[in-house]
Asks: 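Provided herewith is a single structure, encoded as structure tokens, for subsequent inquiry.
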Amino acid sequence: MQDNPSIQFDEQRLAKRQQLLEEGVELYPHEFRRSHTIDTVREEFSEIGHDPSAEIISTAGRLYGVRDHGKTFFADLRDETGRIQLYIRKDALPEGKFQNFKNCIERGDIIGVKGRVFKTKVGEISIFVDDMTLLTKTLCSLPEKFHGLTNLEKRYRQRYLDLIVNEDSRETFRTRSRIISLLRNYLTNDGFLEFETPTLQPLYGGANARPFTTFHNFLGQKLYLRIAPELYLKRLIVGGFEKVFEVAKNFRNEDIDTSHNPEFSMVEIYQAYADYHDMMRLTESVVSTVISDITGGNEVSFEDNTISYKTPWQVMTMENAVRTIGGVDVFAHDVDALRIIGEKLGVEGVLDARSQREMLVLFFETLVEDKLIQPTFITDFPVENSPLAKSHREKEGFVERFELFIAGMELANGFSELNDPLDQVQRFEAQEEKRRLGDEEAQMHDYDFVNALGYGMPPTGGVGIGIDRLVMLVTGNSSIKEVILFPSMRREQVVQENDKEPLPLDDGNV
RNA sequence: GGGUCUGUAGCUUAGUCGGUAGAGCGGCGGACUCUUAAUCCGCAGGCCAGGGGUUCGAGUCCCUUCAGGCCCGCCA
């Protein structure tokens, strides 16, 4: 066991484990009944004085600080609900238990205690321990008590350890869990039904992205991990469900950085008889409700900015945003002139762009996106970039689409859903053409989906909201790795003790 | 993919011009019955991320591999 360099067990802890075993102590008992969690001890005994309570309580948790005073100890015990101090006296414990504790129980171990509650001289609510039980012997030693664990790589790879020692991190993930519950509650209270659609898909679609591929042995067929649930959720609208959503994990085979993880979470929402204006209102309402429920207000600081989520949020067409924020009136110039302007302003890709509408998107991405700090809906996108969105009812060459930007990040993307099957066929064909020209992110032609539209999908509005980014905004974390429990990391190579050569990495069977 | 910075004990880290790797916490031993980063005395713990080179001598300089952070590009 100790020859394996991947195992981080501490020799001294192993020795204590052995000593406990020899003394007949059960290292990993099966259960412990608590009369109180730590927060309920604090609530119930908030008025207790220096004399210990008559009531004997039992509670359990992990030991943190242990302060040795010879014949007494003070120790910090923590469970999910909080921290409380233990007061442990040699003369109060059953015969032998104190020595046992002193020799073999340490920081990081999980114990159960029985005792009476009192307040110490300096006024801290504590448990006067009458008996204690080892519940789990810990073999790995904890990071130090003061600086804790700060190494980012270790925090991400060993998240359990991060959660044990960093309260901030626990709080972030508690908030993440609450946000997802709030999203669900909001939508289900509003009459939406939650569904699960395939993660393994024979065709991928619903977004422009490179997929992960896998293989199903029985079907003898290549499958893709979904890049979006969109096309399946719209099939549900065709089938007659009118308000649907899915909290979906999506997979995109792309680079990793502070705002992208290869697997990420979105909530996608579709509503029959609604359009993109309705979905903007829904998005605004859902997100601002989450903000106020979590923070109790409507302002949250993020990086160097204070973001105000006070509704209504600003709405601008992309054309207008490029004109007023980027300073370029795209439709006042021809493509040649736009190339010159774009070059001068450092807009990437202008030499390849062939239309004003393509230029618009390029100018928007370079000149506007990262300036959209306060919540802003950008509307009316060129048709070429939006193969699943319905043509604009007034503007030729545009679709009824919006994206929500906050702190320069795209948080949501929605549109009036394209439901004209022939138009959809043409859009897919245009995507196919892009694929033939080498665009790996262009969408696949999904014939079953167009057949579904052939049976008739009512006018529908849809939106996807990025959950990870929402959590970043709410918790003030500027890295997506801080809000994903187990972010994607490159595998560490295991070095064999005897030859120091890295072991060959198994590629798996796919 | 490009640039840049980082990797020293379980954790947090110091290490100057290249000259025996130092501390705090944690651990172990000892003292201590109201402490809370408890305190006091003593001890152990390091192939300085891996490999190669320069040098009498490398944690330090050079090359390279691995992993990570940050910035840019692409995607949400």
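Just so it is clear: chains get the letters A, B, ... in the order the sequence lines come, proteins before strands, and each one is counted from 1.
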Asks: Between Asp162(A) and Arg155(A), does any NZ, NE, NH1 or NH2 come within less than 4.0 Å of an OD or OE carboxylate oxygen?
Replies: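 Answer for the salt bridge query: yes.
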Asks: Within this structure, what is the CZ-to-P distance between Phe364(A) and C75(B), rounded to whole angstrom?
Replies: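 For the pair Phe364(A) CZ and C75(B) P, the rounded distance is 12 Å.
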Asks: About how many Å separate CG of Leu86(A) and CZ of Arg67(A), when rounded to the nearest 0.5 Å?
Replies: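 So the gap between those two atoms works out to 9.5 Å.
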Asks: Under 30°, 30 to 60°, or over 60°: which ring-plane class applies to Phe402(A) and Phe377(A), parallel, tilted or perpendicular?
Replies: perpendicular
Asks: So what does Ser141(A) hit on the nucleic acid, given a heavy-atom distance under 4.0 Å: a base, only sugar-phosphate, or nothing?
Replies: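 Sugar-phosphate, backbone atoms only, no base.
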Asks: Let me know, please, whether Glu144(A) or Arg490(A) comes out on the 5' side of the other along RNA chain B by nearest nucleotide.
Replies: Glu144(A)
Asks: Indicate whether OP1 or OP2 belonging to G26(B) is found under 4.0 Å from a side-chain N or O atom of Lys145(A).
Replies: yes
Asks: Between the base of G73(B) and the side chain of Asp255(A), is one N or O donor paired with an acceptor at under 3.5 angstrom?
Replies: yes
Asks: Could I get a table of every N or O pair under 3.5 Å where one atom is in the protein and the other is in nucleotides 13-15 of chain B?
Replies:
none

Asks: With rounding to whole Å, what would you report as the distance between G45(B) and U64(B) at their P atoms?
Replies: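 The answer is 37 Å between these two P atoms.
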Asks: NA contact type, Gly464(A), heavy-atom cut-off 4.0 Å: base, sugar-phosphate, or nothing?
Replies: nothing
Asks: Determine: side-chain N/O of Arg67(A) to OP1/OP2 of A38(B), distance under 4.0 Å, yes or no.
Replies: yes
Asks: What residues in residues 367-390 of chain A put a non-hydrogen atom under 4.0 Å from any atom of RNA chain B?
Replies: none
Asks: So what does Tyr87(A) touch, heavy atoms closer than 4.0 Å: a base, only the sugar-phosphate, or nothing?
Replies: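 The residue Tyr87(A) makes base contact.
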Asks: Decide, yes or no, whether a salt bridge links Glu400(A) with Lys390(A) under the criterion of side-chain N to carboxylate O below 4.0 Å.
Replies: no
Asks: How many whole angstroms separate atom CG of Leu149(A) from atom P of A9(B)?
Replies: 14 Å
Asks: Reckon Phe118(A) touches a base, only the sugar-phosphate, or nothing at all at heavy-atom distances under 4.0 Å?
Replies: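 Base, at least one base atom sits under 4.0 Å.
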Asks: Work out how far the P atom of U16(B) is from that of C62(B), and round it to whole angstrom.
Replies: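 The same atom, P, in both gives a distance of 14 Å.
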Asks: Heavy atoms only, 4.0 Å cut-off, all strands: where does Thr258(A) land among base, sugar-phosphate and nothing?
Replies: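 Sugar-phosphate contact only.
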Asks: For U20(B) versus A58(B), give the span between their C1' atoms, rounded off to a whole number of Å.
Replies: 13 Å
Asks: Regarding Asp68(A), tell me which of base, sugar-phosphate or nothing describes its non-hydrogen contacts under 4.0 Å with the strands shown.
Replies: base
Asks: Please identify which of these residues, Glu196(A), Glu246(A), Glu263(A), meets the salt bridge (charged side-chain N to carboxylate O under 4.0 Å, His left out) condition with Arg226(A).
Replies: Glu246(A)
Asks: Determine the interatomic distance between C1' on G7(B) and the same-named atom on A44(B); round to the nearest Å.
Replies: 25 Å
Asks: Is there a side-chain contact between Leu134(A) and Asp109(A) in this structure, where contact means two heavy atoms from C-beta onward sitting under 4.5 Å apart?
Replies: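 They are in contact (side-chain heavy atoms under 4.5 Å apart), so the answer is yes.
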Asks: Can you figure out which of C34(B), U12(B), C75(B) approaches the side chain of His50(A) most closely?
Replies: C34(B)
Asks: Could you check whether Asn413(A) and Arg401(A), counting side-chain N and O atoms only, form a donor-acceptor pair closer than 3.5 Å?
Replies: yes
Asks: Base, sugar-phosphate, or nothing for Glu403(A), non-hydrogen atoms under 4.0 angstrom?
Replies: nothing
Asks: In whole angstroms, how far is the P atom of G68(B) from the CZ atom of Arg155(A)?
Replies: 15 Å
Asks: Please state how far atom CZ in Arg157(A) lies from atom P in C66(B), giving the value in whole angstrom units.
Replies: 14 Å
Asks: Which part of the nucleic acid, if any, lies within contact of Lys119(A), taking any heavy atom under 4.0 Å across all strands shown: a base, the sugar-phosphate backbone alone, or nothing?
Replies: nothing
Asks: Ignoring backbone atoms, test whether Lys154(A) places a side-chain nitrogen or oxygen under 4.0 Å from the OP1 or OP2 oxygen of C11(B).
Replies: yes
Asks: For the P atoms, the ones on G46(B) and on G1(B), what distance do you get once it is rounded to whole angstrom?
Replies: 38 Å
Asks: Between CD of Gln19(A) and CG of Asn103(A), what distance do you get to the nearest 0.5 Å?
Replies: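 CG of Asn103(A) is found 5.5 Å from CD of Gln19(A).
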Asks: Measuring to OP1 and OP2 of G68(B), would you say a side-chain N or O of Lys481(A) lies under 4.0 angstrom away?
Replies: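 For G68(B), OP1/OP2 do not have a side-chain N/O of Lys481(A) under 4.0 Å.
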Asks: What's Glu410(A) touching, base or sugar-phosphate or nothing? Going by heavy atoms closer than 4.0 Å.
Replies: sugar-phosphate
Asks: Suppose you measure atom P in C47(B) against the same atom in A9(B); what distance do you get, rounded to whole Å?
Replies: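 That atom pair is separated by 8 Å.
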Asks: Check every atom of C75(B), G69(B), C34(B) against the side chain of Glu254(A) and return the nucleotide holding the closest atom.
Replies: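 Side chain of Glu254(A) sits closest to C75(B).
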Asks: Write down the distance between CD (Gln12(A)) and P (C28(B)), rounded to a whole number of angstrom.
Replies: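 Answer to the nearest Å: 6 Å.
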Asks: Can you tell me the distance, in whole Å, between the CZ atom of Phe74(A) and the C1' atom of U39(B)?
Replies: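 Value for this atom pair: 13 Å.
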Asks: Whole angstroms only, please: what is the CZ-C1' distance between Phe146(A) and U12(B)?
Replies: 10 Å
Asks: Once you measure the plane-to-plane angle for Phe98(A) and Phe101(A), does it fall in the parallel (<30°), tilted (30-60°) or perpendicular (>60°) bin?
Replies: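 Rings of Phe98(A) and Phe101(A): tilted, as their planes differ by 30° to 60°.
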Asks: On the 0 to 90° scale, with breaks at 30° and 60°, tag the Phe212(A)-Phe251(A) ring pair as parallel, tilted or perpendicular.
Replies: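 Perpendicular, since the angle between the ring planes exceeds 60°.
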Asks: Apply ring-ring contact (aromatic ring centres under 6.0 Å, His included) to Phe415(A) and Tyr276(A), showing your working.
Replies: CA-CA 5 Å; Phe415(A) 26 90; Tyr276(A) 75 140; 9.4 Å; no
Asks: So which nucleotide does G24(B) pair with, by the Watson-Crick or G-U wobble rule with both distances under 3.5 Å?
Replies: C11(B)
Asks: For C70(B), which nucleotide in any strand shown is its Watson-Crick or wobble partner with both distances under 3.5 Å?
Replies: G3(B)
Asks: Select from Met489(A) and Asp76(A) the residue whose nearest nucleotide in RNA chain B is closer to the 5' end of that strand.
Replies: Asp76(A)
Asks: Quick one: CZ on Arg176(A) to CE on Met472(A), what's the gap to the nearest 0.5 Å?
Replies: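 Arg176(A) atom CZ to Met472(A) atom CE measures 11.0 Å (nearest 0.5 Å).
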Asks: Under a 4.0 Å threshold between the charged nitrogen and the carboxylate oxygen, would Lys119(A) count as salt-bridged to Glu124(A)?
Replies: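 No, Glu124(A) and Lys119(A) are not salt-bridged.
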Asks: Between C75(B), G27(B), G26(B), which nucleotide has the shortest distance from any of its atoms to the side chain of Lys16(A)?
Replies: G27(B)
Asks: Over all strands shown, is Asn208(A) touching base, sugar-phosphate only, or nothing at heavy-atom distances under 4.0 angstrom?
Replies: sugar-phosphate
Asks: Could you tell me whether Lys90(A) contacts a base, only the sugar-phosphate backbone, or nothing, with contacts defined as non-hydrogen atoms closer than 4.0 Å?
Replies: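 Result for Lys90(A) = nothing.
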Asks: Rounded to whole angstroms, how far apart are OH on Tyr156(A) and C1' on C70(B)?
Replies: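 Rounded to the whole Å, the gap is 11 Å.
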Asks: Could a donor-acceptor pair under 3.5 angstrom be found where the side chain of Asp257(A) meets the base of C70(B)?
Replies: no
Asks: Using the P atom as the point on both nucleotides, what is the distance between G27(B) and G10(B), in whole Å?
Replies: 15 Å
Asks: For C43(B) versus G53(B), give the span between their C1' atoms, rounded off to a whole number of Å.
Replies: 40 Å
Asks: For the side chain of Glu153(A) and the base of G7(B), is some donor closer than 3.5 Å to an acceptor across the two?
Replies: no
Asks: Taking O4'-C1'-N9-C4 for purines and O4'-C1'-N1-C2 for pyrimidines, is C61(B) syn (within 90° of 0) or anti?
Replies: anti
Asks: Before giving the answer on side chain to side chain donor-acceptor pair (under 3.5 Å), spell out for Glu268(A) and Tyr270(A) the whole-Å C-alpha distance, their side-chain angles and the decisive distance to 0.1 Å.
Replies: CA-CA 7 Å; Glu268(A) 280 209 6; Tyr270(A) 293 87; 2.8 Å; yes
